[in-house]
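A, B, ... follow the sequence lines: proteins, then strands. Residue 1 opens every chain. For clarity, every value in this text was computed on a predicted model and none was experimentally measured.
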2 protein chains.
Amino acid sequence: MKFKPLENLDEQVAEYLSNRIIRGQLSPGERILETKLARELGVSRGPIRGALRILENKRLVKLVPRRGAQVSELSVSFIDRLYDILIELLALATRKAAQNRTRKDLTQIRRSLSKIEACALKGDTYDYYNAIFEFFVVKIEAARDPLLARLLRDLEPSARRIQFASLARRKEDLKRNVVYFEDAVKYIEEGNAALASKVIREYSQNEKEFALNNTRTHIKK
Amino acid sequence: MKFKPLENLDEQVAEYLSNRIIRGQLSPGERILETKLARELGVSRGPIRGALRILENKRLVKLVPRRGAQVSELSVSFIDRLYDILIELLALATRKAAQNRTRKDLTQIRRSLSKIEACALKGDTYDYYNAIFEFFVVKIEAARDPLLARLLRDLEPSARRIQFASLARRKEDLKRNVVYFEDAVKYIEEGNAALASKVIREYSQNEKEFALNNTRTHIKK
DNA sequence: ATTTTGTAAATTGTCAACAGTTGACAGTCA
DNA sequence: TGACTGTCAACTGTTGACAATTTACAAAAT
């Protein structure tokens, strides 16, 4: 058993803020005041500053020297660009997963695929996305590439934020999407890196278009 | 004229440390002690901690809670993985640059190409790499994608570190490499995104192999 | 009206002190 | 020997105070 190093306050505060931003409880552009937040959470400003630096890496806040922190914007162009990058990196991760997966990875991937299928059937959009993220986490683990894993983990909160914002309108087409995952798993099992990454690329491209359409009509810019 | 926000001590310290790590004055695995560094630089530990968080994002240091910071390792597998990612992201940036470049971008790209050619002729390896990085910076600027730009800027120090470590053995084949850049510029001018990104992909793949060969024979692991 | 300037309040930057953890090492016990 | 355990010094974690900067706003000048 491998133990994760204990978190310090920096990371706990980061986790707290991250959740609030993803769920939209803190709106884009809103200022985050160190003093106020420190008072609210009952800690000093040191950990708050550490947390803000962590969130800066995850693109959840924007830090300007001497001017403080604000929740980063979620514009159409940002979504556009984020997905462009995710498409490439997820395709790369899928390729590597197809090449490096062990038998143990495959059972885990199968298991998380079942979870996606179950959520799609139930039409539970929130859990569906959780299952999807879990699927990607397992797959990235199988890719055996810690650098890529970290890059994707840093981008994940932004993706979650976008998807959280469009949850309400995502009821119908879940089952249609599941096919992508079923295909991807099939190709990963076969070790067919080219086809596996192609399928994920198509899936991500679709997600991008959904997110863009949804955002253009419901959110600003 | 757009003014860059004034740096605070966090960023100045990060800059200082970044240079020392890239130049190998701090060796991989070496611990960085907050107290000691603070004394050396004549600042308190606050800014040091800020700087360490910044360098963590750039993968130059590894931070473990309650155990402090150390200069991150530069193993063969890290180099391998870093280039895999750079290949994809630089190709993406090139594609976008070919699509979005303005006339003004083109003159800048031409100018930085000349610099590369001059350095290659003189055989000045150090300046050659600087010119290459400048070339990419200009190109990334032309891609009009701030998120991608930031991702690449965060990975740049690691690339510089690798290249700095192999500078001494990089004398002969500069001229051979210049052809890639000349081709890439040609395609970017023509707006041929597919070919431009293909050329850069090949170049990056070559660089990866050079770095790997060099590292395997001269550095540990 | 519009811009400029002056001032006070709010906010971030930096520091130094203290609290809590970790790692190394010597001493103890089988 | 070799595995535990207590102790201590060296760090990191966290805090609260003070300094420097920015912002908001009102008064003065154009």
Scan [X] against the nucleic acid and name what it touches under 4.0 Å (heavy atoms): base, sugar-phosphate only, or nothing.
{"X": "A:L37", "answer": "nothing"}
{"X": "B:G68", "answer": "sugar-phosphate"}
{"X": "A:L52", "answer": "nothing"}

Between [atom2] of [N] and [atom1] of [X], the distance in whole Å:
{"X": "A:E30", "N": "C:dT11", "atom1": "CD", "atom2": "P", "result": "13 Å"}
{"X": "B:D10", "N": "C:dC15", "atom1": "CG", "atom2": "P", "result": "10 Å"}
{"X": "B:I32", "N": "D:dC11", "atom1": "CD1", "atom2": "P", "result": "14 Å"}
{"X": "B:R39", "N": "D:dA10", "atom1": "CZ", "atom2": "C1'", "result": "11 Å"}
{"X": "B:R53", "N": "D:dT12", "atom1": "CZ", "atom2": "P", "result": "13 Å"}
{"X": "B:E7", "N": "C:dT14", "atom1": "CD", "atom2": "P", "result": "11 Å"}
{"X": "B:N8", "N": "D:dT22", "atom1": "CG", "atom2": "C1'", "result": "14 Å"}
{"X": "B:L41", "N": "C:dC15", "atom1": "CG", "atom2": "P", "result": "11 Å"}

Between the protein and nucleotides 21-25 of chain C, list every N/O to N/O distance that falls short of 3.5 Å.
from: C:dG23; atom 1: OP1; to: B:R67; atom 2: NE; distance (Å): 3.2

> Which residues pass the side-chain contact (heavy atoms from CB on, under 4.5 Å) test with B:E15, sequence neighbours left out?
Replying inline: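 Checked B:E15 against side-chain contact (heavy atoms from CB on, under 4.5 Å); matches are B:N19.
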
> Taking only residues two or more places apart in sequence, or in another chain, which ones meet A:R144 in a side-chain contact (heavy atoms from CB on, under 4.5 Å)?
Replying inline: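 side-chain contact (heavy atoms from CB on, under 4.5 Å) check on A:R144 returns A:N100, A:T102, A:D105.
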
What residues form a side-chain hydrogen bond (donor to acceptor under 3.5 Å, both in side chains) with [X], not counting sequence neighbours?
{"X": "B:E40", "result": "none"}
{"X": "A:R150", "result": "none"}
{"X": "B:R23", "result": "B:Y126"}

>> Minimum heavy-atom separation for B:S27 and B:V71, please, with both atom names.
In response: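 Taking B:S27 first and B:V71 second, the nearest heavy atoms are O-CB, 3.3 Å.
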
> Distance check: side-chain N/O of A:S44 vs OP1/OP2 of D:dT15, anything under 4.0 Å?
Replying inline: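 For A:S44, the contact criterion (side-chain N or O under 4.0 Å from OP1 or OP2 of D:dT15) is met.
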
> Pick the nucleotide of DNA chain D nearest each of B:L33 and A:Q12; which residue has the one closer to the 5' end?
Replying inline: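 First, find each residue's nearest nucleotide; the 5'-ward one identifies B:L33.
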
> Step by step, would you call B:F136 with B:E156 a side-chain contact (heavy atoms from CB on, under 4.5 Å)?
Replying inline: CA-CA 10 Å; B:F136 280 122; B:E156 179 187 322; over 6 Å; no

> How do A:E34 and B:R45 order along DNA chain C: which one's closest nucleotide is nearer the 5' end?
Replying inline: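 The answer here is A:E34.
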
